[in-house]
Protein chains: 2
Amino acid sequence: MTVNVLVVEDEPAILELIAVNLEQAGLHVLRAADAEAALRFIGEALPDLVLVDWMLPGLSGIELVRRLRREERTRALPLILLTARGAEVDKVLGLEAGADDYVTKPFSPRELLARIRAVLRRRRPEVGEEVLEAGGLKLDPAARRVLAQGRVVSLGPTEFRLLQFLMAHPERVHSRGQLLDRVWGDHVFVEERTVDVHVRRLRAALEPYGLSGLIQTVRGAGYRFSVQATQEA
Amino acid sequence: MTVNVLVVEDEPAILELIAVNLEQAGLHVLRAADAEAALRFIGEALPDLVLVDWMLPGLSGIELVRRLRREERTRALPLILLTARGAEVDKVLGLEAGADDYVTKPFSPRELLARIRAVLRRRRPEVGEEVLEAGGLKLDPAARRVLAQGRVVSLGPTEFRLLQFLMAHPERVHSRGQLLDRVWGDHVFVEERTVDVHVRRLRAALEPYGLSGLIQTVRGAGYRFSVQATQEA
DNA sequence: GATTTTTGTCACGAAACCGTCACCATTTCG
DNA sequence: CGAAATGGTGACGGTTTCGTGACAAAAATC
């Protein structure tokens, strides 16, 4: 899960300083020297977060923030403003314009990273929060807990996500490729057979509770979560 | 220090009337036409006070109040409800939902301002005044005291707040990031692993009283306060 | 101002988890 | 029937994650 951060800063030295720090922390850094370039970048692909310097040639940082907040597509884009000194006015203006946070220069790399993390996690996902219940199984995403016949089932993170996806799309065959995309993520490179192993682990975890046959193999196609029995005689 | 007031009102004329009055009194006014917009505003930056109209399109004012009171972050946010006429039912409902005060339309600017000042003066002491009790534990925020099986447990301030938050939101996994935001505060920058250490200290403090397993680790996700046992088989 | 408590960070080790492979059983099809 | 394809299964090394004890800085207390 790489995080893309767009840094908008006209001073090359500072830009590189920031970029190196962020990249050391495992973030992927996109660079823009002014607001126009930033807008072009964002127009092509939405980054996960934008770091904007307050003072920019041409369109100022605060104007950039306002522009981004006006557009529907970029309204929820996390923004952090870099303000020069402890100019209180700027901070207030910046936050009012719609920035999620501000960092005053000079700043420590740690502070910057901490703020970035804070802003990134503040976005509330709220997707897939509903409790799934089927065939004697109850999966609660908020509690990250699975109950089989009312008893707690211990699952690893991947098995949990796999079961969650299968239960969310029951009575439907999913190919190994689809499962890799939806459960592991589109960008990961793992063998398709890995899915088999996780299915096996999932089955093994459910089997002690008398729940077998819920996850069915469809030869040549993939796997399916089904409450209905598959008796074909 | 300027006071930010968020006014939630769908009638543009009334909204402007209120806004002009408040701004003349030196307050800074943020405007929202409905509850959804208000939630977005509040999500970005907490105002000092929120003025909510009772009648709103979509999510009603009272629903907005309830939502805000449910969330830990906005629990202490001062709220004033604008009710139509002297409908006694509405007043009671509004106050029960968690509003700090109500103002009936039509109102004089002086009255509104007076109420605002009054509410701001007696700002809520702290989040969560209620006594929490679960799994042999009893946490009293007012007394800042925790009882385990009736005996006093000695906890540091941070451990206390951590336990309070966990007990206030039980049976739910909280990531280290969320815990940092809500126990330490959004603008505190500490390592995520610090949460681990405090959880350990909390566990160590509870363990002498035979209370273990209350704070559970969910690998790859975070921690959970749960009364249900995790023992399988 | 000195002592005690609290707090954040780190290093280390244990445990859990993951991806891959080899091997075997079963099915499919020439 | 035999070969190829497909999926189940157990095991193994590498990585990630978490618990734990120690330590120094900061804060509170006396």
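Lettering of chains follows the sequences in order, A, B, ..., and the numbering in each one begins at 1. If you're wondering where the values come from, they're calculated on a predicted model, not measured in any experiment.
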### Task
Answer yes or no: is there a side-chain heavy-atom contact under 4.5 Å between A:His174 and A:Arg172?
yes
### Task
May I have the distance from B:Glu192 (atom CD) to D:dT17 (atom P), rounded to whole angstrom?
11 Å
### Query
What is the distance from NE2 of A:His198 to P of D:dT9, rounded to the nearest Å?
15 Å
### Task
Name the residue closer to the 5' end of DNA chain D, choosing between B:Gly222 and A:Arg176 according to the nucleotide with the nearest heavy atom.
A:Arg176
### Query
Nearest-Å distance, CZ (A:Phe160) to P (D:dT17)?
17 Å
### Task
Please determine if a side-chain N or O atom of A:Arg203 lies less than 4.0 Å away from the OP1 or OP2 oxygen of D:dG8.
yes
### Task
Find the distance B:Leu202:CG to D:dT20:P and express it as a whole number of Å.
13 Å
### Message
We want to know whether B:Ser226 and A:Arg145 form a side-chain donor-acceptor pair, criterion being a heavy-atom distance below 3.5 angstrom.
### Response
yes
### Electrostatic pair A:Glu9:A:Arg31 at N-O distance under 4.0 angstrom
no
### Query
Which residue, A:Thr74, A:Val7, A:Ile42, A:Val5, forms the side-chain contact (heavy atoms from CB on, under 4.5 Å) with A:Pro47?
A:Ile42
#### Entry: Nucleotide D:dC18, atom P - distance to CZ of B:Arg224 in whole Å
13 Å
### Query
Taking for each residue the nucleotide of DNA chain C bearing the nearest heavy atom, is the 5' side occupied by B:Leu155 or by A:Thr158?
B:Leu155
### Summary
Per nearest nucleotide of DNA chain D, the residue lying toward the 5' end, A:Val197 or A:Gly220, is A:Gly220
### Query
C:dT6 phosphate, OP1 or OP2: any side-chain N/O from B:Arg201 under 4.0 angstrom?
no
### Query
Which listed nucleotide (C:dT6, C:dA15, D:dA5) is nearest to the side chain of A:Arg219?
D:dA5
### Message
Side-chain N or O of B:Arg193 versus OP1/OP2 of C:dA11: is the shortest distance under 4.0 Å?
### Response
no
### Given C:dG19, C:dC18, C:dG8, the nucleotide with the shortest approach to the side chain of A:Glu159
C:dC18
### Message
For the CZ atom on B:Arg144, are there more than 12 heavy atoms of other groups (residues, nucleotides or ligands in this structure) within a distance under 6.0 Å?
### Response
yes
### Query
For A:Thr217 and D:dG7, is the shortest distance between a side-chain N/O and OP1 or OP2 below 4.0 Å?
no
### Query
From the list C:dC17, D:dG10, C:dG19, which nucleotide is the closest neighbour of the side chain of A:Arg200?
D:dG10
### Query
Which one, C:dC18, C:dT7, C:dC21, comes nearest to the side chain of B:Pro157?
C:dT7
#### Entry: Sugar-phosphate, base or nothing in reach of B:Thr194, heavy atoms under 4.0 Å
base
### Message
OP1 or OP2 of C:dT7 versus the side-chain N and O atoms of B:Trp184: is any pair under 4.0 Å?
### Response
no
## Note on the structure
Atom CD of B:Glu191 and atom C1' of D:dT17 are separated, to the nearest Å, by 15 Å
### Query
OP1, OP2 of D:dT6 versus side-chain N and O of A:Tyr223: anything below 4.0 Å?
no
